[in-house]
**Q** 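Below you'll find the structure I mean.
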Amino acid sequence: MNINNKDNNKEGRNPHIPSEYPYVPCDHPHVLSDHPHVPSEHSVRLSPPSEGLGEVPSQGSGEVLFPPFSAVILAAGDFPNHVLPLRILRTAKNLIVCDGALEELLEYEIEPTAVVGDGDSLSEELKQRYAHIYHPISEQEFNDLTKATLFARSHLKMDASTHTRPRFCYLGATGKREDHTLGNISLMLYYYRQLAIDPVMITDYGYFVAASGPMRFASYPGQQVSIFNATCKELSSSGLKWDIYPFSELWQGTLNEALSNEFTVHADGDYLLYRTHKV
């Protein structure tokens, strides 16, 4: 795994199964319905080759490519060390930061678009310095990750004109307290189902995506894959070392392995899928 330390990083197909990322030109002959639960019977959503999230090198350079995101949200868990999330932080057009992560972000000389939270984690100096982009939200029904998500969903220009789900990237959402980590991971399905967002949570080791129904996923031979069932009563796979089934426990879908450059999940409900970064 390509993980750099903090100091070093301060510089610098089945026709009935849609692919993972439905961003294709509008004149593409194989475009599905925009609604994720209404797949076209005779077409397939294809992914641009740059959307492999840590798996696809740019031509001739070996440099990791990643897709554009409507918003990147930095939480106050362990600050990223892997080159991929750090690059996303540096190139994000809409970087929303939970207030507890602002101080560490500034150590990397990265400026946020907005700072969201209840303010308990901000010094008075930072509150004054970033008063023009600080948005205090004091209610306690949601955690800071969700407050930042709701803020971004409401205040930033999303994809309403094309009726596609906005893609949100979540960084720094794991580590430190384990209950926060588990809660943040579970929120990916909540955002997918309740807020109509396509969430991607990227860590130093891999990434989570929320999915529903039959999907085809990019991979590489030997990639470690874990699937967490939420509402599926029917669940199977092709292209994985061990076929999956309708898991009733979280641990049952862990520690699987991709056999080639893609695999398929056949499902009738929602699930979370985790893949490791390419070594």
Side-chain angles (χ1 to χ4, degrees), residues 1-12 53-55 64 66-67 69 71-92 94-123 126 130 134 137 142-149 151-152 167-191 197 199-210 223-226 228 250-251 254-255 272-279:
M1 183 183 305
N2 186 8
I3 296 179
N4 301 329
N5 63 39
K6 182 174 180 178
D7 290 336
N8 289 339
N9 274 306
K10 288 186 178 180
E11 309 296 334
L53 266 182
E55 303 152 13
V64 171
F66 48 87
F69 295 102
V72 175
I73 296 179
L74 177 65
D78 285 344
F79 198 88
N81 282 318
H82 191 280
V83 62
L84 175 59
L86 283 172
R87 183 179 179 189
I88 291 172
L89 277 177
R90 290 193 178 281
T91 58
N94 293 314
L95 176 57
I96 315 302
V97 179
C98 298
D99 57 15
L102 178 60
E103 187 171 356
E104 194 160 12
L105 177 72
L106 296 178
E107 293 181 17
Y108 285 76
E109 300 180 350
I110 301 173
E111 292 292 328
T113 305
V115 181
V116 177
D118 57 19
D120 289 347
S121 303
L122 282 181
S123 66
L126 286 178
Y130 288 93
Y134 172 49
I137 302 175
F142 297 114
N143 68 0
D144 282 353
L145 195 71
T146 302
K147 292 175 184 177
T149 299
F151 172 85
R167 303 194 66 208
F168 279 25
C169 177
Y170 295 88
L171 306 174
T174 61
K176 297 185 179 176
R177 277 181 52 175
E178 291 82 2
D179 54 342
H180 288 183
T181 292
L182 187 58
N184 286 343
I185 292 171
S186 69
L187 280 169
M188 296 301 99
L189 276 172
Y190 177 80
Y191 299 158
I197 290 169
V200 180
M201 179 184 287
I202 304 177
T203 75
D204 284 340
Y205 306 97
Y207 51 101
F208 289 91
V209 297
Q223 183 177 38
Q224 299 299 289
V225 178
S226 292
F228 302 92
L250 290 178
W251 58 268
T254 61
L255 307 180
L272 274 177
L273 189 136
Y274 174 84
R275 283 164 289 173
T276 55
H277 295 312
K278 194 168 187 178
V279 176

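Scope of the values below: all heavy atoms of this structure, side chains included, with no hydrogens, waters or symmetry mates.
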**Q** Run the numbers on K176 and T181 for side-chain contact (heavy atoms from CB on, under 4.5 Å), then give the verdict.
**A** CA-CA 8 Å; K176 297 185 179 176; T181 292; over 6 Å; no

**Q** Give me the ring orientation class for F79 and Y108: parallel if the planes are under 30° apart, tilted from 30 to 60°, perpendicular past 60°.
**A**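 Ring orientation, 0 to 90° scale: parallel.
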
**Q** Work out which heavy atom in A210 is nearest to a heavy atom in M188; give both atom names and the distance.
**A**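 Of all heavy-atom pairs spanning A210 and M188, the closest is CB-O, 3.8 Å.
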
**Q** Supply the atom-to-atom distance S226 OG to L273 CG, rounded to the nearest 0.5 angstrom.
**A** 8.0 Å

**Q** How close do S121 and D99 get, counting heavy atoms only, and between which atoms?
**A** CB-OD1, 3.9 Å

**Q** Just so I know, are the side chains of L122 and V115 near enough to count as touching, which here means a heavy-atom distance under 4.5 Å?
**A** yes

**Q** Determine whether R275 and V209 make a side-chain contact, defined as any pair of heavy atoms from C-beta on separated by less than 4.5 Å.
**A**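 The answer is yes; the side chains approach within 4.5 Å.
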
**Q** I want to check something: taking the side chain as every heavy atom from C-beta on, are T174 and M201 in contact at a cut-off of under 4.5 Å?
**A** yes

**Q** Hey, could you give me the CZ/OH distance between F208 and Y170, rounded to the nearest 0.5 Å?
**A** 14.5 Å

**Q** Check whether any side-chain heavy atom of Y130 sits under 4.5 Å from a side-chain heavy atom of V97, and report yes or no.
**A**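 A side-chain contact under 4.5 Å is absent here.
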
**Q** Should L187 and T149 count as side-chain neighbours, where that means a heavy-atom distance under 4.5 Å?
**A** no

**Q** How close do D144 and G117 get, heavy atom to heavy atom, and via which atoms?
**A**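 Smallest interatomic distance, heavy atoms only, reads OD1-CA, 3.9 Å.
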
**Q** Does some side-chain heavy atom of L74 sit less than 4.5 Å from a side-chain heavy atom of I110?
**A**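 The answer is no; the side chains never approach within 4.5 Å.
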
**Q** I need the minimum non-hydrogen distance between F151 and A114, along with the two atoms involved.
**A** CE2-CB, 3.6 Å

**Q** Is a side-chain donor or acceptor of H277 paired with a backbone partner of T203 at a separation under 3.5 angstrom?
**A**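 Yes, because the side chain of H277 sits within donor-acceptor range (under 3.5 Å) of the backbone of T203.
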
**Q** Can you tell me if D204 uses its side chain to pair, donor with acceptor, with the backbone of H82 under 3.5 Å?
**A** yes

**Q** Does the side chain of V72 reach to within under 4.5 Å of the side chain of T91, using non-hydrogen atoms?
**A** no

**Q** Could you state the interatomic distance from CD (Q224) to OG1 (T254), rounded to the nearest 0.5 Å?
**A**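 Q224 atom CD to T254 atom OG1 measures 10.0 Å (nearest 0.5 Å).
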
**Q** Taking CD in E111 as the centre, count heavy atoms belonging to other residues, nucleotides or ligands within less than 6.0 Å. Is the count above 12?
**A**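 Count over threshold, so yes.
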
**Q** Just by distance, with hydrogens left out, do Y191 and T146 show a side-chain donor and acceptor under 3.5 Å apart?
**A** yes

**Q** Answer yes or no: is there a donor N or O on one side and an acceptor on the other, between the side chain of Q223 and the main chain of T276, under 3.5 Å?
**A** yes

**Q** Give the minimum heavy-atom separation between A148 and C98, together with the two atoms involved.
**A** CB-SG, 4.2 Å

**Q** Any chance you could measure R90, atom CZ, to R87, atom CZ, to the nearest 0.5 Å?
**A**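 Between R90 CZ and R87 CZ, I get 12.0 Å after rounding to 0.5 Å.
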
**Q** Once rounded to the nearest 0.5 Å, what's the spacing between atom CG of L95 and atom SG of C169?
**A**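 Rounded to the nearest 0.5 Å, the CG-SG separation comes out at 10.0 Å.
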
**Q** Look only at the side chain of K147 and the backbone of D118, and say whether a donor-acceptor pair between them is shorter than 3.5 Å.
**A**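 Checking the backbone N and O of D118 against the side chain of K147, no donor-acceptor pair under 3.5 Å is found.
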
**Q** Measuring from atom CG of L126 to atom CG of L102, what distance do you get when rounded to the nearest 0.5 angstrom?
**A** 5.0 Å

**Q** How close do I185 and L272 get, heavy atom to heavy atom, and via which atoms?
**A** O-CD1, 3.6 Å

